[in-house]
Amino acid sequence: VQRVLIYHKRQDVFEAKVIDVPQAGIVLYARSILLISRPALRVLSATELQAAVAHEAGHEYFWTEFEHLRQRRDATARQELELRCDGIAVLTLLDLGLDPGKLVAAVRAITRFNERIGATVTEGDYPDTAERTRFIRRVVDAHRRGRLGRRDKCEPG
């Protein structure tokens, strides 16, 4: 996880906390606290955890919009924002030489676990797994074709 935080220059900004809740999840809270549930630690491999943290780091790039959408309860716009965070995660993983497929694996593992225990209350805030998988693959393909560059000048805002 540290490698992802260093990439985003957030190693001294984000504080990671493991929390005891029934569902699997990783959340960026208050723009500085990375909450990781114990079930998430159990169901994700180390590289899947890195991918999920890269997605959460993506939220900081859209933090003001994210907060606004949460207050408005605009599920469609929230789903679009989640895809943008997936895009940030994919570019992060590619720049770090990591497999962006691990983001798909992390999404699937967390979704399956939460469905098994009936923890689907926030399901409407996220695109379904198939849509996220298609989007992630399109970003990877665009990057490999040279249509997406590095994020060097992009800073969280």
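Atom set for the values below is all heavy atoms of this structure, side chains included, hydrogens, waters and symmetry mates excluded.
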Worksheet item: Got a second to check how far Leu44's CG is from Ile110's CD1, nearest 0.5 Å?
Response: 4.5 Å

Practice prompt. Test Arg84 against Glu65 for side-chain contact (heavy atoms from CB on, under 4.5 Å), laying out the working first.
Written response: CA-CA 12 Å; Arg84 285 189 265 156; Glu65 183 179 358; 2.8 Å; yes

Item to complete: State the OG1-CZ distance between Thr111 and Arg132, to the nearest 0.5 angstrom.
Response: 7.0 Å

Worksheet item: Closest approach of Pro22 and Ile117, non-hydrogen atoms and distance?
Response: O-CD1, 3.3 Å

Discussion item. Rounded to the nearest 0.5 Å, what separates atom CD1 in Ile88 from atom CG in Leu103?
Written reply: 12.0 Å

Worksheet item: So is Arg78 actually on top of Phe66's ring, under 6.0 Å and inside 45° of the axis?
Response: no

Discussion item. Using side-chain contact (heavy atoms from CB on, under 4.5 Å), reason through Thr47 and Asp99 one step at a time and then give a plain yes or no.
Written reply: CA-CA 8 Å; Thr47 52; Asp99 178 6; over 6 Å; no

Fill in: Approximate separation, where rounding is to 0.5 Å, of Leu96 CG and Tyr7 OH
6.5 Å

Practice prompt. Could you tell me whether the side chain of Leu41 reaches within less than 4.5 Å of the side chain of Val18, counting heavy atoms only?
Written response: yes

Practice prompt. Test side-chain contact (heavy atoms from CB on, under 4.5 Å) on Asp141 and Arg137 and set out the steps.
Written response: CA-CA 6 Å; Asp141 186 52; Arg137 288 182 179 149; over 6 Å; no

Worksheet item: Distance from Arg38 atom CZ to Asp20 atom CG, nearest 0.5 Å?
Response: 4.5 Å

Worksheet item: Among the clusters formed by ILVMFWY side chains lying less than 4.5 Å apart, do Tyr29 and Leu5 turn up in the same one?
Response: no

Worksheet item: Is it true that a side-chain atom of Gln23 and a backbone atom of Asn114 form a donor plus acceptor pair closer than 3.5 Å?
Response: no

Worksheet item: Minimum heavy-atom separation for Phe135 to Leu83, with atom names?
Response: CE2-O, 2.9 Å

Worksheet entry | Nearest heavy atoms of Glu56 and Leu28, plus distance in Å | OE1-N, 3.0 Å

Item to complete: Start with the C-alpha gap between Gln50 and Leu98, add the side-chain angles, then the distance that decides, and say whether side-chain contact (heavy atoms from CB on, under 4.5 Å) holds.
Response: CA-CA 9 Å; Gln50 284 178 314; Leu98 300 171; 3.6 Å; yes

Fill in: For the student: nearest non-hydrogen atoms of Glu48 and Val43, plus distance
OE1-O, 3.8 Å

Worksheet item: Checking side-chain contact (heavy atoms from CB on, under 4.5 Å) against Leu34, which of Val53, Val13, Val27 comes through?
Response: Val53

Worksheet item: Judged by atom type as modelled, is there a donor-acceptor pair below 3.5 Å linking the side chain of Thr129 to the main-chain atoms of Arg108?
Response: no

Item to complete: Determine the minimum heavy-atom distance between Ala77 and Leu69, stating which atoms define it.
Response: CB-CD2, 3.4 Å

Discussion item. Ignoring hydrogens, what is the shortest heavy-atom contact between Ala24 and Ser37? Give both atom names and the distance.
Written reply: CA-OG, 3.3 Å

Item to complete: Look at the aromatic rings of His55 and His59 and report parallel, tilted or perpendicular, splitting at 30° and 60°.
Response: perpendicular

Worksheet entry | CZ on Phe14 to CD on Glu60, rounded to 0.5 Å | 4.5 Å

Discussion item. Whether Arg70 and Glu67 form a salt bridge (side-chain N of Lys/Arg under 4.0 Å from carboxylate O of Asp/Glu) is what I want to check.
Written reply: yes

